Amino acid sequence: MKRPVGVTVIRQILDSQHMHRQATGDLSGLLTELIVAGKIISAEVNMAGLADVIGVSGKTNIQGEEVQKLDEFANNTIKRRMARSGYICVMTSEEDDDIIPVREGYEGKYSLAFDPMDGSSNIDVNVSIGTIFSIHRRVTQSGQGTQDDLLQPGASLVAAGYIIYGSSTMLVYSTGDGVHGFTLDPSVGEFFLSHPDIRIPEKSKYFSVNEGNYHYWRPEIQKFVNYLKEVDADSGRPYSSRYIGSLVADFHRNLITGGVFLYPSDCRNPAKPKGKLRLLYEAQPLAFLVEQAGGRALNDNGQRILDIQPTQLHERVSLIIGSKGDVDMVEGFLRG
Ligand code: AHG
Ligand code: MN
Ligand code: MN
């Protein structure tokens, strides 16, 4: 449905709430609080060159990665706001080893998983970064939530999305009725609908992968990438390579222009046999979005990401995600 320009995100959220008779408004409230956190982070990111949030915090996280100051700022902003929102019973963040409790008496019916600042290695070089979030309905009965409320397959996600802090700040999310994109007008502090009902192009001419890891990939993936680079005009090859190194930025570009992103499992590091990206707050939310937009998301065993049953908060997964036609091609190579 084509909407008039100037539709605010809260209008969109309430409209979709009204479409669900049994809605209590809790999901709307949760998203609204999350969006406030996103605006606060956006203001900080856009000041990053000036304020002293550039650089590392001197800490390392469970992933063994240096924690950037902006990682920490974004993480604390979301944790503090959501802990007292009253809509969630438990949270997990890329930056926290264990589950994060909510304030006593403020337990709600959803659980939240998030990557507060994705692409943080790009903060100091002014490349687009983002916040990724995913929301499940709780499975425990009441009180503080547990890991069980978070370790659910992506197929049962209630909502997911990201905020990309780039040339403009955009919010892209879905509550299961398609994917909608909003652009922040910083002069009024509002997200306005700019990309209604986003559909990812069926086929593309872009592939996005860190080819520096080529020799660590499974042979089928190597064959696929080599195939894309062969010259064959009839099948639109060679594809163009686009790799930013920020998952949110690479994903967002593919969502708009079409393309296939791959972070394959690599045999180099037995500690990360499944690849680098995390299932709960990177692969699952983006897989939910891409399927809502008509695309596909698999791991490099050919398994649908949304069918994977998580067993650990920070478990990693290989990821092949993007235009349906391109992911179908990869699936063909994986099947030999
Ligand atoms: P994060 O900054 O949240 O740790 O995520 C970084 C991820 C992801 O954004 C990106 O796709 C990937 O790291 C890039 O990894 P390589 O530098 O190994 O290509
Ligand atoms: Mn990330
Ligand atoms: Mn991160």
Side-chain angles (χ1 to χ4, degrees), residues 37-38 41 44-45 48 53 55-57 59-79 91-97 113-134 160-166 206-217 221 225 241-255 259-269 271-287 289-290 297 299-300 305 313-322:
I41 295 165
E44 198 71 13
V45 165
V53 286
V56 295
S57 62
K59 297 172 191 157
T60 54
N61 62 16
I62 188 174
Q63 331 286 344
E65 294 154 345
E66 274 184 336
V67 178
Q68 303 281 344
K69 286 182 184 172
L70 215 46
D71 274 324
E72 209 158 53
F73 176 84
N75 196 37
N76 291 333
T77 301
I78 295 171
K79 286 200 296 188
M91 295 179 254
T92 183
S93 161
E94 178 195 68
E95 301 304 334
D96 285 58
D97 305 0
F114 61 96
D115 177 354
M117 191 52 72
D118 173 70
S120 34
S121 59
N122 287 317
I123 291 173
D124 298 5
V125 295
N126 211 4
V127 167
S128 297
I129 47 186
T131 299
I132 312 172
F133 61 88
S134 62
Y162 57 84
I163 297 170
I164 181 168
Y165 312 103
Y206 294 112
F207 73 101
S208 183
V209 67
N210 180 346
E211 292 198 66
N213 300 327
Y214 178 86
H215 291 294
Y216 303 120
W217 300 339
I221 299 287
V225 172
S241 171
R242 291 281 184 282
Y243 193 72
I244 302 168
S246 269
L247 174 61
V248 176
D250 281 314
F251 177 83
H252 184 72
R253 182 203 53 247
N254 289 346
L255 189 66
V260 57
F261 172 93
L262 305 94
Y263 207 108
S265 46
D266 71 46
C267 61
R268 155 187 44 178
N269 183 342
K272 301 180 188 175
K274 294 182 176 175
K276 175 178 183 181
L277 299 176
R278 275 66 53 141
L279 175 58
L280 276 194
Y281 39 79
E282 288 175 321
Q284 252 192 28
L286 299 185
L289 287 176
V290 86
N299 66 9
D300 64 12
I305 293 289
L313 289 180
H314 302 289
E315 80 179 68
R316 296 171 189 272
V317 69
S318 51
L319 181 61
I320 298 155
I321 187 168

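This is a predicted model, so every value here is computed, not measured. Counting starts at 1 for both ligands and their atoms, following the listed order. Throughout, numbering of the chain's residues begins at 1 and tracks the sequence.
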Inset, instruction - Describe, in one word, how the ring planes of Phe261 and Tyr243 are oriented to each other, choosing from parallel (under 30°), tilted (30 to 60°) and perpendicular (over 60°). - result: parallel
Inset, instruction - Select the closest option to atom 9 (O) of ligand 1 among Val248, Ile129, Ile132, Asp118, judged by heavy-atom distance. - result: Asp118
Legend entry - Any donor-acceptor N/O pair, Thr131 side chain to Pro116 backbone, under 3.5 Å: yes
Inset, instruction - Under 4.0 Å, heavy atoms only, figure out whether ligand 1 is touched by the backbone of Met117, its side chain, both or neither. - result: backbone
Inset, instruction - Closest by any non-hydrogen atom to atom 13 (O) of ligand 1: pick that one out of Lys276, Glu211, Glu95. - result: Lys276
Legend entry - Which segment of Asp115 sits under 4.0 Å of ligand 1 when only heavy atoms are counted: side chain
Legend entry - Any N or O of Asn213 closer than 3.5 Å to N or O of ligand 1: no
Legend entry - Whether over 12 other heavy atoms sit under 6.0 Å from Asn126 CG: no
Legend entry - Ser246-ligand 1 polar pair, N/O distance under 3.5 Å: no
Inset, instruction - Kindly confirm whether the Mn ion (ligand 3) is within less than 2.8 Å of some N/O/S atom in Ser120? - result: no
Legend entry - Leu277 N/O to ligand 1 N/O under 3.5 Å: no
Inset, instruction - Please note down the angle at the Mn ion (ligand 2) between OD1 of Asp118 and OD2 of Asp115, to the nearest 10°. - result: 100°
Legend entry - Option passing side-chain contact (heavy atoms from CB on, under 4.5 Å) with Tyr165 (candidates Ile123, Val248, Ile129): Ile129
Inset, instruction - Would you name the heavy atoms of Ala287 and Ile321 that are closest together and state the gap between them? - result: N-CD1, 3.7 Å
Inset, instruction - Determine which of the N, O or S atoms in Glu94 is closest to the Mn ion (ligand 3) and give its atom name. - result: OE1
Legend entry - N or O contact, Leu247 vs ligand 1, cut-off under 3.5 Å: yes
Inset, instruction - Measure from the side-chain N and O atoms of Arg242 to the backbone N and O of Ser208, and report whether any donor-acceptor pair falls under 3.5 Å. - result: no
Legend entry - Exam field: side chain His314 to backbone Asp96, donor-acceptor pair closer than 3.5 Å: yes
Inset, instruction - Would you mind listing which atoms of ligand 1 come within a distance below 4.0 Å of any non-hydrogen atom of Ser120? - result: 2 (O)
Legend entry - Any donor-acceptor N/O pair, Asp115 side chain to Glu282 backbone, under 3.5 Å: no
Legend entry - Selected option - heavy-atom contact closest to atom 2 (O) of ligand 1, from Pro116, Gly245, Gly119: Gly119
Legend entry - Exam field: side chain Asp250 to backbone Ile244, donor-acceptor pair closer than 3.5 Å: yes
Inset, instruction - Return yes if some donor-acceptor pair links the side-chain N/O of Asp300 with the main-chain N/O of Ser265 below 3.5 Å, else return no. - result: yes
Legend entry - Those atoms of ligand 1 less than 4.0 Å from some heavy atom in Glu282: 3 (O), 5 (O)
Legend entry - Nearest-contact summary for atom 18 (O) of ligand 1 - protein heavy atom, Å: Tyr263 OH, 2.6 Å
Legend entry - Name of the Glu282 atom (N/O/S only) found closest to the Mn ion (ligand 2): OE2
Inset, instruction - Just let me know how Asn210 lines up against ligand 1, side chain, backbone, both or neither, with a heavy-atom cut-off below 4.0 Å. - result: side chain
Legend entry - Donor-acceptor contact present, side-chain Ser134 to main-chain Tyr281, <3.5 Å: no
Inset, instruction - May I ask you to check if ligand 1 and Tyr243 share an N or O to N or O distance below 3.5 Å? - result: yes
Inset, instruction - Run the numbers for me: atoms of ligand 1, each under 4.0 Å from some heavy atom of Arg278, listed by number. - result: 1 (P), 3 (O), 4 (O), 5 (O)
Inset, instruction - Give the minimum heavy-atom separation between Ile164 and Ala249, together with the two atoms involved. - result: CD1-CA, 3.7 Å
